[in-house]
Amino acid sequence: MSNSDEPIWVLHTCNELSIGGDQSFLMNYYRNIDRSKVQFAFAIQREVDYDHDAEIIKMGGRIHKMHSMNESLVSYAKDLKSILKQHPEYKIVHAHMNHRNVIALAICKFVGVPIRISHSHNLGSKLSLLTRARVELLKYKLQNVATDFLACSKGAAEYLYGRTMNYCIINNAIDSKKFLFSPETRERMRYDLGNGSEFLIGHIGNFSAQKNHKFLIDIFSKLNNNSKLILVGNGPLMEEVKKYAMMIKVLDRVVFLGVRNDISDLMQAFDAFVFPSLFEGLGIVAIEAQAAGLPTYCSDGVPKDVDITNLAVHIPLSASAEEWAAIIEMAEYAQRRDMYRDICMAGYDIHENAKILEDFYIDNLKKIKNNTDRLY
């Protein structure tokens, strides 16, 4: 820290920061970091407000709304330059957009931001040859504009940085005490969701191709009629998924909750968590589900890093919907238990990890005072 009592400011460049892994990661750390030492600002590519925006402001943070890169790269660059020039206290920029980190960090380097952190939160999807070539070029250029390289898992690190670059793993840690199983909360939430005797399958994630919602609907259709599917999130494919559920005649048993800020309570209500993603950098919701004592069924597109308890089961995407359903039905006989110790032992409790990230920022800022080469 500086000699003043002012905290260090870290600017996080994000996509929309709505629901999902990046938001969960950032908000979990922001809630638990020592905000008298480190404060967060967010450069977000959206115009609308979300529920957690008010929480950020209440904690002393800042939100800078920007043009989307997808709409206009020129406008995005102008917005980011303007933010950085208006706020010279942003000596650290932490980028959370995978291969597009290179765009934000190149702008930061041009403006003169000394600490430019790239964070890999995901693995790549199947891309066309032309798109893959462009992505690979951006990833190659990243090493010239970033000063530090972080990732949520080994797979996510190797995807963005390759196998030779030095990187640091920062666990997608959670406030595991919030997810402790509570029979009282379970009863209340199940009452709110409808019939308390139903077998509730939960899923949390944006409606995007990556999350594989149609296959999730297929799996659900093979379960017995006393089951209900709870989908949390929003996104461009939501209406398409609704139409698909209607087409295979299960829409009356599928609940679309939209974006929620009570994920820990919803986890109490579920009987199983199903996560058939095509790919994930880690999958923080799978960690949260285990913390709540839920049997957690992941595809082979979800890294084995999430297997931090014996509640995690991986099923290949090549398996049929019937095969998935047969395995998931076993969750009906599972007994919920307190998983706090397991989560802490695995290194995923937020309280210790927040201190690690806090020290990372503070130590890096101290280093540049003795190493002016990092300014350029």
Side-chain angles (χ1 to χ4, degrees), residues 1 5 7-10 12 14 17 19-42 51-52 54-61 92 94 96 117 119-121 148 150-154 156 167-182 185 204 260-268 273 281-294 296 303 305-312 336-366:
M1 283 184 68
D5 294 329
I8 291 169
W9 278 94
V10 180
H12 294 274
C14 316
L17 194 65
I19 186 173
D22 295 5
Q23 173 198 312
S24 295
F25 170 86
L26 285 166
M27 292 306 294
N28 284 339
Y29 274 89
Y30 189 34
R31 293 181 186 115
N32 290 278
I33 208 163
D34 185 341
R35 294 188 296 277
S36 70
K37 295 180 179 178
V38 178
Q39 263 293 356
F40 285 2
F42 300 88
D51 289 344
H52 60 262
E55 182 185 2
I56 290 171
I57 301 302
K58 186 176 180 180
M59 290 190 290
I92 304 174
H94 192 157
H96 302 270
I117 304 167
H119 202 132
S120 178
H121 290 276
D148 299 272
L150 306 182
C152 63
S153 68
K154 181 180 178 183
Y167 60 83
C168 179
I169 300 294
I170 300 292
N171 287 337
N172 281 10
I174 65 171
D175 188 348
S176 48
K177 288 184 179 179
K178 282 180 58 178
F179 290 87
L180 288 177
F181 178 60
S182 164
T185 303
I204 298 165
R260 296 283 290 250
N261 58 9
D262 58 347
I263 299 301
S264 58
D265 286 351
L266 284 168
M267 290 286 194
Q268 307 299 313
F273 188 81
L282 179 72
I284 191 170
V285 288
I287 303 292
E288 293 173 339
Q290 292 171 77
L294 277 173
T296 303
D305 304 60
V306 303
D307 297 7
I308 63 172
T309 75
N310 60 5
L311 293 171
R336 302 284 279 271
R337 64 184 181 88
D338 185 334
M339 301 301 295
Y340 178 69
R341 179 179 173 83
D342 299 67
I343 302 300
C344 290
M345 290 288 289
Y348 277 86
D349 185 65
I350 190 62
H351 301 96
E352 181 179 344
N353 283 276
K355 184 66 168 63
I356 292 172
L357 187 61
E358 176 188 310
D359 289 343
F360 177 82
Y361 292 139
I362 293 171
D363 291 345
N364 259 352
L365 201 54
K366 286 179 180 176

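Small disclaimer: the values here were computed from a predicted structure and weren't measured.
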Quick one: closest heavy-atom pair of [X] and [Y], and the distance?
X	Y	value
V285	M267	O-CE, 3.7 Å
A156	S120	O-OG, 2.7 Å
I174	F179	CD1-CD1, 4.3 Å
F181	Q268	CA-OE1, 3.0 Å
W9	F40	CZ3-O, 3.3 Å

Distance col, row M27:CE vs E55:CD, nearest 0.5 angstrom, shows 4.0 Å

Enter the distance from E352:CD to N171:CG here, rounded to the nearest 0.5 Å.
-> 9.5 Å

Please tell me if the side chains of [X] and [Y] come closer than 4.5 Å, counting only heavy atoms from C-beta onward.
X	Y	answer
I170	N353	no
H351	N32	yes
L282	F25	no
N28	I284	yes
N172	I287	no

H94: side chain to side chain donor-acceptor pair (under 3.5 Å) partners, not counting sequence neighbours | H119, Y361

With sequence neighbours excluded, what pairs up with S153 under the side chain to side chain donor-acceptor pair (under 3.5 Å) test?
-> none

List the steps, then state whether side-chain contact (heavy atoms from CB on, under 4.5 Å) holds for I92 with I8.
-> CA-CA 8 Å; I92 304 174; I8 291 169; 3.8 Å; yes

Which residues pass the ring-ring contact (aromatic ring centres under 6.0 Å, His included) test with F360, sequence neighbours left out?
-> none

Considering residues at least two apart in sequence or located in another chain, which fulfil the ring-ring contact (aromatic ring centres under 6.0 Å, His included) criterion with F273?
-> F275

With sequence neighbours excluded, residues passing salt bridge (Lys or Arg N to Asp or Glu O under 4.0 Å) with [X]:
X	result
D338	none
R336	none
D34	none
D175	none

Which residues satisfy the side chain to side chain contact (heavy atoms under 4.5 Å, CB included) test with [X], sequence neighbours excluded?
X	answer
D307	K304, A312, H314
D342	T309, R337, M339
A346	I308, Y348
M345	R341

Please walk me through it: do L311 and L294 pass side-chain contact (heavy atoms from CB on, under 4.5 Å)?
-> CA-CA 7 Å; L311 293 171; L294 277 173; 5.9 Å; no

Do E288 and K178 meet the salt-bridge criterion of a basic N to acidic O distance under 4.0 Å?
-> no

